[in-house]
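This report refers to the structure that appears directly beneath it.
Because the structure is predicted, anything quoted here is derived from the model rather than measured. Chain identifiers are assigned alphabetically (A, B, ...) following the order of the sequence lines, protein sequences preceding nucleic acid strands; residue numbering begins at 1 within each chain.
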Amino acid sequence: MTDNIYTLIRERVLAALQAAVPDLPPELAARVEVTPTRDPAHGDMATNAALIAAKPARLPPAKIAAALAAALAQAPEIASAEPAGPGFVNLRLAPATLLAAIPAVLRAGEAFGASTTGHGKRINVEYVSANPTGPMHVGHCRGAVVGDALANLLAKAGYAVTKEFYVNDAGNQVAALAWASYWRYLESLGTALTEEEFAASVPGGLQYRGDYLVPVGVKLAEAYGASLAGPDLTVGDPASWLPVVRQFAIDAMLASIRIDLAELGVTFDRFSSERELLESGAPDASIAKLQADGLLYQGVLEPPKGKLPDDWEPREQLLFRSTQFGDDVDRPLRKSDGTNTYFANDIAYHAAKAARSDVLIDVLGADHGGYVSRMKAATKAITGGTVLLEVVLCQIVRVMKGGEPVRMSKRAGTFITLSDLLEFVGRDAVRFTMLTRKSDAQMDFDIDAAVAQTRENPVFYVQYAHARCRSVLRAAADMPGISIDPAASLDSLQDEAELAVVRRMMGWPRTVEAAAEAREPHRIAFFLYDLAADFHMLWNRGREATTLRFLQPDNLAYTQARVALVASVATVIRSGLQVMGVAPVEEMR
RNA sequence: GCGCCCGUAGCUCAAUUGGAUAGAGCACCAGACUACGAAUCUGGGGGUUGGAAGUUCGAGUCUUUCCGGGCGCGCCA
């Protein structure tokens with residue numbers, strides 16, 4: 001069951017190919033494609049079937065193509081089929097087949113394009129997973145949007161999706177957060193210590209000096225008075241205050257992250273806590289399992305070539321044989337103090353996710369690129385190869401304003417927060433713009449362009465097309481005898497600009513399936529831009545020739561067909577925007 | 001030094017996963033408003049897809065090797 005006409009036509013092609021080349025190996029049949037043509041002169045679709053089959057059949061591609069064309073021309077959906085080029089068969093659909101896309105859209109509504117290619121497989125998408133040590137900044141934003149849209153896309157393609165956020169609430173970073181929060185706490189109580197005096201007593205030095213922790217300090221003081229401080233508001237014994245302050249600060253940071261995410265329209269099915277994972281003993285269980293499988297050993301790693309760390313000394317440590325699973329070097333699981341490395345805990349986390357999933361996807365920032373191969377290796381090892389990890393890497397986003405990069409420095413506390421960006425640009429523009437690039441390509445986010453009300457801004461351009469559709473439909477609603485009717489006769493839709501729009505919409509299910517398989521949500525943005533361009537072009541045809549306008553009061557049958565067309569364009573745009581998490585607008589303001 | 005990602009029109013980016021003559025926007029030039037919304041549309045010029053070699057019916061896409069940019073590189077997460 002699918003809306004994808006390409007799937008249906010491919011069945012026809014395979015049947016014809018089976019007749020022409022009876023003993024075609026199945027693995028070659030899998031390579032047969034039916035694709036949209038680039039050049040409209042080549043018809044609606046083309047297939048490479050003859051090229052694929054030529055070698056095993058020991059026949060010239062052109063000869064097979066001719067046979068295929070003759071057979072395919074008999075199919076009811078196909079108006080004509082012609083061999084072309086080196087061995088393609090170009091197909092032109094029967095008008096009724098083409099126009100059937102319109103009632104298909106109208107009947108399915110925004111669900112149009114939904115597919116079953118995911119077969120209900122459980123797929124877990126982990127994204128954002130920002131450390132709860134500060135507000136979300138623009139660096140997190142791309143991963144948040146890409147992960148969220150990818151999850152929506154996979155759901156539309158028929159996967160059972162879980163959206164997951166991993167809370168790194170254990171380890172040194174959150175300890176540093178606790179110290180920084182404690183400083184703001186003493187400060188709000190009016191301690192005589194200076195910041196530098198305090199910093200001197202912090203193991204590893206005082207981090208997170210941004211003033212976003214000031215309110216946390218104030219709230220700590222309100223909740224606990226001076227009870228967490230030492231004598232005369234000096235630094236008290238960490239053993240007594242640190243666990244309290246740490247949890248308090250983590251909760252505050254998580255609350256702020258959730259607010260920012262909600263503002264961005266990003267939601268999760270599940271938050272998983274690293275601390276809870278540790279307390280459950282899962283990491284030890286994972287290590288024990290790997291040990292039992294003979295994948296761990298005590299060994300000494302070679303130093304990295306070329307760039308030797310200053311304090312390098314050979315050290316024996318517990319290593320995981322990730323090289324057996326495609327990694328470059330084996331990876332350590334224990335620090336010298338006996339505690340687990342982050343990697344060791346993350347193995348347990350991925351094992352936990354794998355236990356309730358068929359496929360895992362991590363959406364990571366580019367700075368985690370070096371982490372990918374070991375995590376894939378570990379996932380393969382801990383699940384015995386039954387669950388594989390895929391990684392979508394999001395490259396750096398450089399925020400531009402007035403043609404200049406906006407400088408960011410987290411250390412100095414002058415970074416652009418996500419909520420700042422949302423205030424400048426707005427949720428829909430942020431989300432759409434973040435999806436106008438392949439995620440593994442670096443990107444400049446131009447604030448000026450994202451709010452521009454012109455064609456160069458794809459958000460605006462697509463929204464404008466939708467608003468124009470709605471404008472027509474509002475006018476149509478006032479016309480007697482006119483309605484959005486899936487059963488309307490569409491025979492009058494014959495203009496090339498009209499058919500171009502229909503062809504584009506016909507490709508939506510195929511785009512969903514291909515984008516989902518490739519894990520590339522940005523394709524949705526490009527599809528919508530192209531559909532919007534087709535529609536704007538058609539619209540303008542109506543300016544030049546009034547006979548091409550949608551609403552003709554003296555010709556109800558003609559108008560009914562165009563109303564159906566316009567309504568289906570609006571529906572497909574909404575269907576795509578829904579995947580992107582962008583709200584359609586009824587009119588431009 | 002090693003690994004991963006990227007390199008496409010002057011600029012920002014696509015290219016249906018190996019398909020036919022590599023496409024859009026911006027910028028530049030020339031046009032279309034008695035409006036279902038001109039915030040749009042039409043036409044034009046602009047390319048050795050970083051360089052070289054290879055794989056095959058066919059390469060921007062795959063392999064090798066250089067060049068350039070980004071990220072990472074044993075107890076940070």
Determine whether any donor atom in the side chain of A/Asn345 lies under 3.5 Å from an acceptor atom in the base of B/A77, or the reverse, and answer yes or no. no
So is the aromatic ring of A/His42 stacked onto the base of B/A20, judging by whether the centres are under 5.5 Å apart and the planes are under 30° apart? yes
Between the protein and nucleotides 27-31 of chain B, are there any N/O to N/O pairs under 3.5 Å, and if so, what are the atom names and distances?
none

For A/Glu316, report the nucleic acid contact type (base, sugar-phosphate, nothing); a contact means any heavy atom under 4.0 Å. nothing
Phosphate contact (B/G74 OP1 or OP2) by A/Arg315 side-chain N/O below 4.0 Å: no
Atom pairs, protein N/O to nucleotides 12-15 of chain B N/O, distance under 3.5 Å:
from	atom 1	to	atom 2	distance (Å)
B/U12	O2'	A/Arg437	NH2	2.6
B/C13	O5'	A/Arg437	NE	3.1
B/A14	OP1	A/Lys438	N	2.9
B/A15	O2'	A/Arg38	NH2	2.7

Mind checking if A/Thr454 touches a base, just sugar-phosphate, or nothing, with heavy atoms under 4.0 Å? sugar-phosphate
Taking the six-membered ring of A/Phe445 (Phe, Tyr or Trp), confirm whether the NZ or CZ of A/Arg398 is under 6.0 Å from its centre and within 45° of its axis. no
Give the dot-bracket string for RNA chain B, reading 5' to 3', where a pair is Watson-Crick or G-U wobble with both distances under 3.5 Å, ( ) marks pairs inside the strand, [ ] marks pairs crossing earlier ones, | marks a partner on another strand, and . marks unpaired. (((((((..((((.....[...)))).(((((.......))))).....(((((..]....))))))))))))....
Taking 4.0 Å as the cut-off, does a side-chain nitrogen or oxygen of A/Asn172 come that near to OP1 or OP2 on B/A77? yes
Whole Å only: how far is the CG atom of A/Leu393 from the C1' atom of B/C5? 7 Å
A cation-pi test, strictly: NZ or CZ of A/Arg510 under 6.0 Å from the centre of the six-membered ring of A/Tyr6 and no more than 45 degrees from its axis. Yes or no? yes
